[in-house]
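Heads up: the structure comes next, in structure tokens.
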There are 4 protein chains.
Amino acid sequence: MEQATRRRRVNGEASRAKILDAAAEIAVERGYDGTSIALVSAKCGLPASSIYWHFRDKDALIAAVIARSFERWSGAWTIPTDGTPELRIEAMVAQIAQALLDSPDFLRLGLMLALEHRPVEASARAMFLRVRAEARATLAAGFGDMIDGLTPVQLDQLVTYAIAGADGLFIANEIGGDAVDLVELLGIHAHALLDLAQRMSGARL
Amino acid sequence: MEQATRRRRVNGEASRAKILDAAAEIAVERGYDGTSIALVSAKCGLPASSIYWHFRDKDALIAAVIARSFERWSGAWTIPTDGTPELRIEAMVAQIAQALLDSPDFLRLGLMLALEHRPVEASARAMFLRVRAEARATLAAGFGDMIDGLTPVQLDQLVTYAIAGADGLFIANEIGGDAVDLVELLGIHAHALLDLAQRMSGARL
Amino acid sequence: MEQATRRRRVNGEASRAKILDAAAEIAVERGYDGTSIALVSAKCGLPASSIYWHFRDKDALIAAVIARSFERWSGAWTIPTDGTPELRIEAMVAQIAQALLDSPDFLRLGLMLALEHRPVEASARAMFLRVRAEARATLAAGFGDMIDGLTPVQLDQLVTYAIAGADGLFIANEIGGDAVDLVELLGIHAHALLDLAQRMSGARL
Amino acid sequence: MEQATRRRRVNGEASRAKILDAAAEIAVERGYDGTSIALVSAKCGLPASSIYWHFRDKDALIAAVIARSFERWSGAWTIPTDGTPELRIEAMVAQIAQALLDSPDFLRLGLMLALEHRPVEASARAMFLRVRAEARATLAAGFGDMIDGLTPVQLDQLVTYAIAGADGLFIANEIGGDAVDLVELLGIHAHALLDLAQRMSGARL
DNA sequence: TATGAATGAGACTTCATTCAT
DNA sequence: AATGAATGAAGTCTCATTCAT
């Protein structure tokens with residue numbers, strides 16, 4: 001009996017994972033609206049009604065896809081604590097770049113959603129904005145730790161510019177494919193961030 | 001008689017413009033799939049079937065929206081020909097930033113489409129990639145003109161980084177709203193581009 | 001002025017013929033409902049509104065297609081007046097078979113329409129029934145002339161069976177293509193008709 | 001519990017049957033294109049979307065109508081095994097005629113489709129051609145069994161002529177209504193087939 | 001822990017036709 | 001003798017979702 005329950009639970013989680021995999025694959029290819037439940041059902045082999053057993057609605061499904069991809073990404077890098085600011089920023093950006101190549105789904109999907117201004121599809125978009133804010137806070141803490149003498153406004157601008165570069169280069173890589181070397185270009189971006197930070201704190205002095 | 005003929009012809013073009021206006025407004029808000037013909041029809045006042053007189057299908061309509069917005073944007077700035085590279089780049093980026101604030105549709109819509117990788121449904125996405133390539137060529141010519149001693153590969157990287165920053169900051173502005181000053185941040189980006197260009201050509205010497 | 005008028009009339013008839021050609025080609029391929037005005041317009045190169053200048057509506061257009069094809073067919077054979085009944089029937093059927101291979105449109109289209117039981121599409125279906133009745137009368141006169149001693153009921157049955165064989169073999173030829181030799185099979189049918197006629201008149205004696 | 005399950009399953013099949021009944025009734029009256037899903041929906045009481053649960057698309061629905069009607073028809077007659085060839089052929093044709101009066105749908109619909117030569121839209125037309133080939137094979141076996149000394153080519157021609165007569169008389173009955181006695185005329189056709197078979201095998205000796 | 005069947009709304013698109021010029 | 005533009009109705013089909021089992 002206990003065995004059966006455990007088996008059941010395990011099967012349930014396996015089904016959930018199959019659904020998430022299928023949804024991620026489709027959503028990344030076709031966007032939020034292009035991801036129909038029927039398509040996900042066909043790809044994962046479970047009937048549409050089973051998808052609704054695991055997820056409240058389509059919105060929650062996409063939100064879960066984003067959350068899972070973000071967790072993988074954010075678990076794949078940490079803020080370096082040793083070395084000069086130059087080395088630490090470079091190391092951090094290199095880690096982030098690699099994590100982005102390994103878990104790009106949340107960003108690809110999230111940017112699509114972020115560019116729309118709809119009131120609907122609340123939870124998927126909200127999920128992206130939440131994880132983005134989380135990443136932003138992590139970055140701000142890291143930069144504040146590495147570089148001294150920045151006002152909050154300056155720090156904010158620095159983080160905004162840092163993320164913008166990452167977003168833009170991520171898009172360039174998505175569009176341009178292998179012709180765009182994401183790691184190298186993010187390295188260039190790391191350099192620009194350092195320059196900017198120094199100019200900022202220098203201007204302050 | 002001639003007047004009447006002209007009136008007729010003008011009416012056709014006026015209808016076309018009304019449809020494009022409505023489609024642009026909706027597509028920017030809701031994306032490609034969120035833009036239904038029924039919504040466009042309701043907003044422009046013409047029946048759905050009339051939209052199909054002017055445009056082959058929905059895809060062609062969105063492509064036309066992108067093309068028109070891009071033409072407005074690219075007609076709103078030129079590459080400066082006088083002054084030091086510093087001043088010229090700053091002036092150019094300032095123009096581009098303003099044009100982007102005035103005609104953002106093609107970029108907003110285009111980025112949504114570019115992030116999707118659908119196998120079929122070409123023309124709207126293809127249109128964006130085409131105009132993007134055109135803008136890229138214009139920029140490359142401008143940078144090549146302003147800065148000496150760059151290899152083609154370096155020029156390419158410089159342009160990629162320039163556009164990535166613009167895309168990323170555009171997105172930051174879309175998400176963050178007025179909290180993000182697009183013109184100021186693109187000014188910072190212009191500075192980074194100059195530094196990068198100098199580092200590149202210096203490395204060459 | 002007269003020249004212009006004549007030219008115009010000539011052009012008008014040329015347009016009419018182009019429309020009929022296009023409509024025939026499409027209708028034979030796709031049937032009544034499958035023949036859209038837009039398709040005809042695309043094939044003949046004239047705008048849809050021009051088709052309505054030449055024909056009252058779609059129904060009248062299809063009726064005209066049937067009428068033209070029937071006129072070609074019925075003008076391509078005559079009832080033989082010399083020889084034994086055997087030879088005359090054989091000669092007649094051979095002519096009819098050849099005419100059917102040359103002008104099959106009215107029969108193909110007509111049979112499609114005849115098999116439907118709709119109240120609508122009045123004139124095209126009515127046109128086929130009219131020309132079919134005309135052909136039936138011609139045949140009945142021919143048979144009555146060739147074979148003596150048939151009651152009206154017998155003559156009617158003979159004609160019905162004759163036409164049924166022609167229809168069925170025509171269909172067999174349409175479906176089976178070159179594997180079915182229409183002329184040879186209609187020759188067999190001619191033989192069967194003779195046998196039947198003799199049995200009928202013999203039974204009467 | 002089992003009852004309930006069975007009930008559920010039965011309900012699905014009952015719905016399927018209701019849809020098929022409605023579609024058959026409409027398709028026979030109005031042809032392939034005249035059979036709109038909305039019409040079928042209205043007649044069977046299920047919403048249009050439910051029709052798509054049971055059938056892939058309209059084409060598959062019509063194909064199923066044809067298949068079901070053909071099965072009824074072909075299950076309603078057998079090839080007689082006793083008696084002289086004359087009696088056997090007459091008995092067989094009489095059975096076939098009666099079955100045709102009882103289950104005429106597949107032939108009426110099929111002939112409409114067979115007369116069209118559309119490039120695409122395969123499955124309904126393909127279904128008719130398939131069942132027609134099946135009927136043809138059954139007939140050929142029957143004739144081969146009843147009549148000795150026919151070459152394969154002769155047998156083929158005999159079957160083609162037999163089917164053509166049936167098709168043509170079926171059409172005559174459809175057009176002419178009660179004025180045409182299908183059973184009597186098919187009896188005449190049976191006679192013609194016997195004559196032809198004897199002429200063929202005699203020619204061979 | 002699932003799933004077969006159903007459903008109303010709405011998607012894109014084409015239809016035959018009209019009308020002013 | 002012709003046509004550019006428009007139009008309401010209807011076409012096929014997919015949508016996200018629900019519910020009884």
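Numbers restart at 1 for each chain; the letters A, B, ... are given by sequence-line order, proteins then strands.
- One interatomic measurement links the two molecules: NE2 of C:H54 to C1' of E:dT17, which rounds to 17 Å at whole-angstrom precision.
- Using a 4.0 Å cut-off between a side-chain N of Lys or Arg and a carboxylate O of Asp or Glu, B:D21 and B:R16 do not qualify as a salt bridge.
- Of the residues near DNA chain F, B:G45 and D:A38, the one whose nearest nucleotide (by heavy atom distance) lies more toward the 5' end is B:G45.
- Across all strands, B:S50 comes closer than 4.0 Å to base atoms (heavy-atom distances).
- Closest approach of C:R68 to C:A17, counting heavy atoms only: NH1-O, 4.2 Å.
- Here F:dC13 presents its P atom at 8 Å from CG of D:D59, a figure rounded to the nearest Å.
- Base contact: D:S49 has a heavy atom under 4.0 Å from a base atom.
- Between B:E116 and B:R125 there is no salt bridge, since no side-chain nitrogen of the basic residue lies less than 4.0 Å from a carboxylate oxygen of the acidic one.
- If you take CD1 of A:I19 and P of E:dT1, they are 12 Å apart, rounded to a whole angstrom.
- Listed for the D:D59 side chain is a donor-acceptor partner under 3.5 Å among the backbone atoms of D:A124.
- In this structure, A:F55 atom CZ and F:dT17 atom P are separated by 14 Å, rounded to whole Å.
- Side chain of C:K58 to backbone of C:Y32: a donor-acceptor contact under 3.5 angstrom is found.
- Computed from coordinates, the A:Y52 OH to F:dC15 C1' distance equals 9 Å when rounded to whole Å.
- Take the nearest nucleotide of DNA chain E for D:L46 and for C:L39: the residue whose nucleotide is more 5' is D:L46.
- We find that NZ of B:K18 is positioned 8 Å from P of F:dA6, with the value rounded to whole Å.
- Along DNA chain E, the nucleotide nearest A:R16 and the nucleotide nearest B:I37 are compared for position; the residue whose nucleotide lies closer to the 5' end is A:R16.
- Distance C:I51 CD1 to F:dG4 P: 13 Å, rounded to the nearest Å.
- For F:dA2, the OP1/OP2 oxygens have a side-chain nitrogen or oxygen of C:S15 closer than 4.0 Å.
- Sequence order on DNA chain F of the closest nucleotides to B:A48 and D:D57 puts B:A48 first from the 5' end.
- Looking at heavy-atom distances under 4.0 Å, A:T35 makes contact with sugar-phosphate atoms alone, never a base.
- Regarding B:W53, its CH2 atom lies at a distance of 17 Å from the P atom of E:dT17, rounded to whole Å.
- Here E:dA20 sits opposite F:dT3 as a Watson-Crick or G-U wobble pair (both hydrogen-bonding atom distances under 3.5 Å).
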